Every structure is written in C-alpha cells, then in structure tokens.
Chemist: 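I'd like to ask you about the structure that follows.
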2 protein chains.
Amino acid sequence: MEPASSADGPRTTGRSTLRDVAKLAGVSIATASKALNNQPQVRAETRAKVIQAAEQLSFSPNTLAQGLITQRSGTVGLLTSDLEGRFSIPILMGAEDAFGSDQTSVFLCDARGDTLRERHHLRALLSRRVDGLIVVGARPDARPSLGRDLPVPVIYAYSPSDDPADLSLVTDNVGGGRLAVDHLIRHGRRRIAHISGDPSYGAAQDRARGALDRLGEEGLPLAGDQVWFGAWSEAWGRGATRMLLQRDPDIDAIFAGSDEIARGVLDVLHQEKLAVPTQVAVIGFDNWNILAVNARPPLTTIDMNLEALGRLAAQRLFSAIDGTLGSGVETVAPRLITRESTAPLD
Amino acid sequence: MEPASSADGPRTTGRSTLRDVAKLAGVSIATASKALNNQPQVRAETRAKVIQAAEQLSFSPNTLAQGLITQRSGTVGLLTSDLEGRFSIPILMGAEDAFGSDQTSVFLCDARGDTLRERHHLRALLSRRVDGLIVVGARPDARPSLGRDLPVPVIYAYSPSDDPADLSLVTDNVGGGRLAVDHLIRHGRRRIAHISGDPSYGAAQDRARGALDRLGEEGLPLAGDQVWFGAWSEAWGRGATRMLLQRDPDIDAIFAGSDEIARGVLDVLHQEKLAVPTQVAVIGFDNWNILAVNARPPLTTIDMNLEALGRLAAQRLFSAIDGTLGSGVETVAPRLITRESTAPLD
DNA sequence: CGGAAGACCGAAAAGGTTTTCAGGAACGTA
DNA sequence: TACGTTCCTGAAAACCTTTTCGGTCTTCCG
C-alpha cells in the first residue's frame, strides 16, 4: 500500500490510472471514464472536475486495456521485405502518414527478404492483435500470399500477391512507359530509344510495353531496333548508350528505365558531345531525387507516386477493418516530373 | 484423429483464447497457462495435452493482456524526424534488427521535423505503454531533449540531445575525418585538399577537424589553403573542385565531406583529364551505395556504421528497461570502405 | 494403517478500461 | 402526498492472461 506520494517520485507523467483520476475528482471510475470520453450521461460540471483532475495527473489512458475491451488494438503491421531498398520507404511514409491522422500506430517489421523471418514477424504481429497488415514487397513482381485464413485484413503494396483473392496495390508501369514516351513525342521527338534494366522484372517489361504502345499509336518505330534490357545500373546505362549510338547515331531521345540508367546515359552523351536536351532528350524513371536533381542537366523522370500508394493502402486497410476487403489488383497512376533534360525552355 | 471440421470456418488462426485451449485440453485456465509457459508445476503428460490443444486451435496469447499484467508491453517507439532522409533508415534497420531477436516490436513514428507532431506521437506512444524510446534526429547536431520526467528510458541516436543528462549515441565524425586522411597519407599522398558541405553542420566541422589533426601530426599543410565548405551537393563538389584546381593545380588527393560532393569532384577531374586515382585520389563520406559503387571509379569512402549505431541503441535501451540508463554522449567509430578511387591495384 | 511430504491442479485476484444496468436525487404533476 | 420523469452516478461484469495460494491426491515411511 503505497500512499501515492506525488512529490518524491520523478515520474510525474503517464503512469496514473483512471482510478487515481476518479479519486482525485471525487467520482467513480465509471463516471470518470464517461467524462473523458465525451459520453453524454454526465453533468458538465462533473465532467469539468474530471478533466481537471486528469490534467493535473497528466493522465493518459492505457491503450492496452482499451484494446482488450474494444477488441481493437489501434495498431497495424507494416511488413516489408527490404527496408534497405529505396522503394519501401516512401510507401511506408505514406502509410504512416495516413494512419497517423487517425489514431493508429504502425509496427514496422523488416523481413529482410527471408520467408522464415516473415512468418516469425507475422506470428508476433497477430499476437499483438494488430487490426490489419500491409505487406510491402521488394520488387514489383508477384509474391506469395500470406494465406487466406488470417484473422485480419491484409493489403499487398508494390508487389502484388500471387493469390487473386487478395487485394494488391501496384504502380501502373505500363502507364508510366506511355507517359514517358508521350512526353517525348509532344516535344517533337521522333527517334526514341529505350534502355531499361533487368528483363526478368515485370516492371521492365511493362514500361517497355507502355512505351511501344504509345509509339505504335503514333506510327513511330522504336529507335535502336530493340529495347536494350540489361541491369539497373549506371554502368549498363553507359554501355547500352555507347552501343546504341553506334547502331543508330541520330536518335533524338532516350527513355531510360530508371534514373540510375539515365545517369549513365547522360554521362556518355556528355562524352560524345551530344547536347542534352537540344540534340538528345533524356527521361528517367523513379524520380529518385538524389540522382535526378543532381544530374546534369536535372532529369525529367516518372514518379511512381509511391507515397500516394502507401496512403491509399492505409485508407483501404482502414475502411476494411470493420467492413470487408475487396480483391484483385488496383493500380496507382504515376506522374511526370518535368526538368531540364527533356524540356528546352521555349 | 478428430475431424474438427476445418473446412467450414475461415478463421482458423489467431483468435482462440486460453480458455478455449484449456477447455479442449480438459484442464483449468491456470494449468493451461503454466503448461504453455514452461512452468514446472505441471505434469509432462498434461503439458503435452495442452500444447497439442493449443496447436490445434493455433492459439497465440494476447499480448495486450500479457502486457497489462506484466506492466511491460514489449514494444518500443522509434521517433524519427526525417524518414525521407537517408540517415534514419540504417539506424532504424539496426534497431529493428536488434529488437527483433528479442521479442520486442517497434512502433515507427515520423515527425517530419515538426515539433508539434513529435509531441503528438510521444503522447500516443506513452499511451501505448512503450517500454522505451529511441529518438533519431534529422541532422547530426544537438536537438531539444524530450524532457527528464518521462516514465520510460529514452535514447537519442544520430542527433544528440541538448540535455547532458540524456544518453546520446552519435557517430565519431572527428575520427572519420582522421580515418580518411590517414588512409590517403598511408598511400603516399601529400597534397591533400578537403571539400565539404554546409559549415553550419557540426559534422562538417568535426570531419574537417579530424582531417586537420591528422595532417598536423604528419606536419603536412592542407592543400588548397582552406577547407572548402559549401553545400552537400554534387554541384558544389563540381564548383569547388574547379576553384580548387585553379588555386592549387597539383594536389594529389581530395577528401570530400560526402559521397555526393565526391561525385561532383570526380566529374570535374574527368573533365580536366586528371586520372583517378593515379594522379588524384578521391575519398568520400557516408558510403551511400548508390553513389559510391556506381561512381567511376568506385568510391573509397567512410561508412558511419549507422546500422551498428541503431543496434547499439537498441541494446542500450533494452538493458536500460529494467536497469537504469547512463547519460552523456557515446560515439560509434566509423570504418573505411576501400574501393578504387584511392587504391591503385598494386 | 496413520500420517507427512510432495506433486499436481484449480479458484480467484489482479492489471486498467469500457459499458450496462440499476438505483438515487431532483423535479414537476396529479 | 404520492408518483412518474428525467438526469446523473456507481457497482459490477467483461476483455485475456499470469500468478498466488489453498486444496486434493498419491506415495512413502514409520
């Protein structure tokens, strides 16, 4: 039986209970609860007393206890496969942001691409009674579903689930490819080449398809005879550009499958004394700021809107928590970021 | 043995309680708890029955209820100021990793550099009864303390707290500067210049100091007459290098305050036909892979060991949770990453 | 065979909150 | 005065688990 001496202990914050508040306000616990939660059945005067007491004790309700009763923890799990990779981060920020404004907190779990670790984290999260899950994959290709019989709604972001019964949110890479080429065409380019990354990535294929579609609509051929697939690196951007220029010296635009590749492209164009954008326009993909903004000239690029994707995932999940969840794959439109590598000031 | 109609109900996972397990096993709740928690006062045979029942129902204990009793939620808060910035991420990964192996989960909160939002998140985290907090700042300079009267231990990572009573973990930037210059000296360089970023950053000053210290020990002057402070950008790297070469054309090494700056440096050295590393060696700072690995040639650089810093923060916090926390500023040693921009293959 | 020791199990309290329901007070009306 | 309303308030149950403590049953020894 400690006499709750408030003067001696340093812990003035956060550890008083509703019982303390009630006692100080001279009411019952039930009334205190109702007063603080804006329940109507309490007199204004009483409510004021309680609120005053709560503030004096800097009371904050124990969310664990609340969760136990309401059967809702007010938390969600964010299960990512590669935190290191740059794509998770904006998604994660968007989700955290969207939840933050509701009173939901986010558990972050990084599986590091390891299935075992993923299952481990999944168990832990379910044990913590999360209200839902967002699964962020490492690359934009289908990944194994977590399964159908989970007690909480799950949304797959960036990497779609391989089970069509799940709900997945992905970026529209075909649309991104179209958007890039469309921009080049609008600016009068006609001999457009495409250098991209690892062809085993669905995203690489999709972007190329979008590009070809748009070219086809205009009756234009793809310059350089082929899509130059390779790797997602500056080195490949450099190598491919050299080969491309040999094969087809008078291209007037290059659509790079990533900003990294675009940097390599720019590098070689400089060496070859080809002016950007006057002679050759260059457009990238990803809007990876550090690369795009610092490029010479700054790089026009396609932004996948990943933060919006994250926010959308959060919203979908939130409304699924007490409703029911859809299924299938939903796409998020990318957007064009115009900088100087394509747009001569007119 | 038993059909247990697994086909009809979808929720086979996660929502059964200890009571269900006990009933199925034909024991009391108390016994079930003891059996599952390896308490000794239960017969092996009974324990087996309980475990079998728990598995059949895929029981997982409600952590909220456990936390209510044990007065320990098994969670910590990770309060970051800029998730976007690249420095938070590795720290966060390290912390998440270190906690993951214990059974602690991490709440991620991004204050976006906004004090108000930070306080909001702090309240929320305390309400969730986190067992501790790690605060990750946006830049490596002192930041306001969260206060002394928090009911849980707090550790400041990357940005130290301005209150010396708090415990802060930071990178040793002076040591990093020493390390960089030491490496150059060991490889026979004598005319070493230093180009760095925004001089209002403590890190910029510290790295410069470390560099100068090490030069002084060797009796060497700083080439280029001064430390070239400017901005943390490629553009400044380029500009400073041009000016530097004009002032002092026969330097044989440049220590760049960041990898971004180093990229700019390399760019201009190329233009000026100065061979790297044979004529001029270049060393960066940060080991930001995307920049360092893709550089021509790949960039030797200093890695701040941020992931280790995150892990250390987690460990310190973990041991502080039931003990007491130290105070002051503790530094983490950086390490040298050798690539081709300084080391001619000998 | 009586009794003590030991092994195992279950009832119940605790942790902090929300919510239901019954009761009490004040008040107006018949 | 008696009674029905309307407002407020408080006791208690519930959420799920852990832990203490007392009880039952077996076993072994004298």
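No hydrogens, no waters, no symmetry mates; every other heavy atom, side chains included, goes into these values. A, B, ... follow the sequence lines: proteins, then strands. Residue 1 opens every chain. This one's a predicted model, so the numbers in the text were calculated from it and none came from an experiment.
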Chemist: Tell me: CD of Q39(A) to P of dG10(D), nearest whole Å?
Modeler: 16 Å
Chemist: Quick one: on DNA chain D, does L68(A) or I29(B) contact a more 5' nucleotide (nearest heavy atom)?
Modeler: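 In this pair, the answer is L68(A).
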Chemist: Contact class for S33(A) vs. all strands (heavy atom < 4.0 Å): base, sugar-phosphate, or nothing?
Modeler: base
Chemist: Give a yes-or-no answer on whether the side chains of D166(B) and S145(B) include a donor-acceptor pair shorter than 3.5 Å.
Modeler: yes
Chemist: What nucleotide, of dG10(C), dA12(D), dT18(C), holds the atom closest to the side chain of V27(B)?
Modeler: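 So the side chain of V27(B) is nearest to dG10(C).
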Chemist: Within this structure, what is the CZ-to-P distance between R47(B) and dC8(C), rounded to whole angstrom?
Modeler: 10 Å
Chemist: In whole angstrom, give the distance that lies between atom NZ of K23(A) and atom P of dT9(D).
Modeler: 20 Å
Chemist: How many Å lie between CZ on R72(A) and P on dC16(D), as a whole number?
Modeler: 14 Å
Chemist: Taking atom C1' of dT18(D) as reference, at what distance in whole Å does atom CZ of R19(B) sit?
Modeler: 15 Å
Chemist: For the residue pair R128(A) and S105(B), confirm or rule out a side-chain donor-acceptor distance under 3.5 Å.
Modeler: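 S105(B) and R128(A) do have a side-chain donor-acceptor pair below 3.5 Å.
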Chemist: Round to the nearest Å and state the distance from Q71(A) atom CD to dA14(D) atom C1'.
Modeler: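 Checked: the CD to C1' distance equals 10 Å.
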Chemist: Within the side chain of D131(A), is there an N or O that forms a donor-acceptor pair under 3.5 Å with the backbone of V76(A)?
Modeler: no
Chemist: What integer distance in Å separates K34(B):NZ from dC21(D):P?
Modeler: 12 Å
Chemist: So which nucleotide from dT18(D), dC16(D), dT18(C) ends up closest to the side chain of Q66(A)?
Modeler: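 For Q66(A), the side-chain atoms sit closest to dT18(C).
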Chemist: Mapping L64(A) and A30(A) onto DNA chain C by nearest heavy atom, which one lands closer to the 5' end?
Modeler: L64(A)
Chemist: Between dC16(D), dT9(D), dA12(D), spot the one nearest the side chain of T17(B), thanks.
Modeler: dC16(D)
Chemist: Checking contacts here: which listed nucleotide (dT17(C), dT20(C), dT17(D)) is nearest the side-chain heavy atoms of A65(B)?
Modeler: dT17(D)
Chemist: Choose from dG10(C), dA11(D), dT18(C) the nucleotide whose nearest atom is closest to any side-chain atom of T31(B).
Modeler: dG10(C)
Chemist: Taking OP1 and OP2 of dG6(C), is either one under 4.0 Å from a side-chain nitrogen or oxygen of Q41(B)?
Modeler: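 No, no such contact exists.
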Chemist: Name the closest nucleotide to the T46(A) side chain, picking from dT9(D), dG10(D), dT17(D).
Modeler: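 Nearest to the side chain of T46(A) among the choices is dT9(D).
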Chemist: Let's see if you can work this out: which of dT18(C), dT17(D), dC9(C) has an atom nearest to the side-chain heavy atoms of I69(A)?
Modeler: dT18(C)
Chemist: Quick check against the 3.5 Å criterion: does T331(B) have a side-chain atom that pairs as donor or acceptor with the backbone of T171(B)?
Modeler: no
Chemist: For S88(B) and T80(B), indicate whether the former's side chain and the latter's backbone hold a donor-acceptor pair under 3.5 Å.
Modeler: no
Chemist: At under 4.0 Å, does any side-chain N or O of N37(B) touch on OP1 or OP2 of dT18(D)?
Modeler: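 For dT18(D), OP1 or OP2 has a side-chain N or O of N37(B) closer than 4.0 Å.
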Chemist: If the cut-off is 4.0 Å, is R43(A) near the phosphate of dT9(D), judged by side-chain N/O to OP1 or OP2?
Modeler: yes
Chemist: Could you state the CG-P distance from L36(A) to dT19(C), rounded to the nearest angstrom?
Modeler: 13 Å
Chemist: Are any side-chain N or O atoms of S319(A) and backbone N or O atoms of R316(A), one a donor and one an acceptor, separated by less than 3.5 Å?
Modeler: yes
